Amino acid sequence: MRMILVGPPGAGKGTQAARLVDRYKIPHISTGDMLRAAVKEGTALGREAEGYMSQGALVPDSVVIGMAIERISQPDAVEGFMLDGFPRTRPQAEALDEAMTAAGLSLDSVALIEVDDSLIVDRITGRRSDPETGVIYHLVFNPPPPDVVDRLVHRSDDTEEACRARLVKYHNDTAPIIPYYEEHGILCRVDGVGSPNEVTERLVTALGHE
Ligand code: AMP
């Protein structure tokens, strides 16, 4: 199964992707995670991406497209993959299509997790992740167990200011990929408001693969 998760920042893409890849046994490919790893390692790509990321801006297509296409060409992605956070612009969507067509492949589904902007800022500023397990918590909506609290990480772009910038970017740059995939007949819309379990069930129903 080759699929994409789309949605505004804080829609729950990371949380849902982790659950779905377990179910479908495909790799979770998050360009945000790849870029954060590159920043942490201090690679040339990481140094280029860092400034954009900390301001809530998009990393240029010229950097991200090659990185994502190279990743989906790896052996573990031959049978399928779940892309989270890519494509985020129309040129990225077109480049992905071109690369897949050239490889004789096509996308099965694009799942759009819909959450209203008014809910996003609270979701994002309270978000914390566990670097050891990758689990994402929310200080109020999904509180972490006391024994992991001390090691939780608050992403540097999860501030209110960066979050608002990311929402603007989402509406300007990423939302145009929605009609693109709608025209291709592979878009499914899922309500992202509810418990993580509820949203996972909606996604599984919409994707049509048990
Ligand atoms: P995420 O973890 O998906 O929220 O991504 C965190 C940040 O990484 C974004 O705010 C962007 O700065 C950058 N980023 C991740 N994926 C992409 C992409 N496909 N295109 C451009 N920038 C990206």
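Order of appearance sets the numbers: ligands from 1, and atoms from 1 within every ligand. Just so you know, these numbers come straight off a predicted model, no measurement behind them.
Counting only distance, with no hydrogens or angles, the side chain of Glu160 and the backbone of Thr125 share no donor-acceptor pair below 3.5 Å. Arg202 contributes a side-chain N or O that, together with a main-chain N or O of Asp191, makes up a donor-acceptor pair within less than 3.5 Å. Checking side-chain atoms of Asp130 against main-chain N and O of Val135 turns up no donor-acceptor pair under 3.5 Å.
At a cut-off of 3.5 Å, with distance as the only test, no side-chain donor of Asn197 or Ser195 sits close to an acceptor on the other residue.
Of all heavy-atom pairs spanning Val59 and Ala49, the tightest one is CG2-CB, 3.9 Å.
Annotation: ring-ring contact (aromatic ring centres under 6.0 Å, His included) contacts of His138 (sequence neighbours excluded): Phe141.
At a heavy-atom cutoff of 4.0 Å, ligand 1 is surrounded by Thr31, Gly32, Leu35, Arg36, Met53, Ala57, Leu58, Val59, Val64, Gly85, Phe86, Arg88, Gln92, Arg155, Asp157, Arg166.
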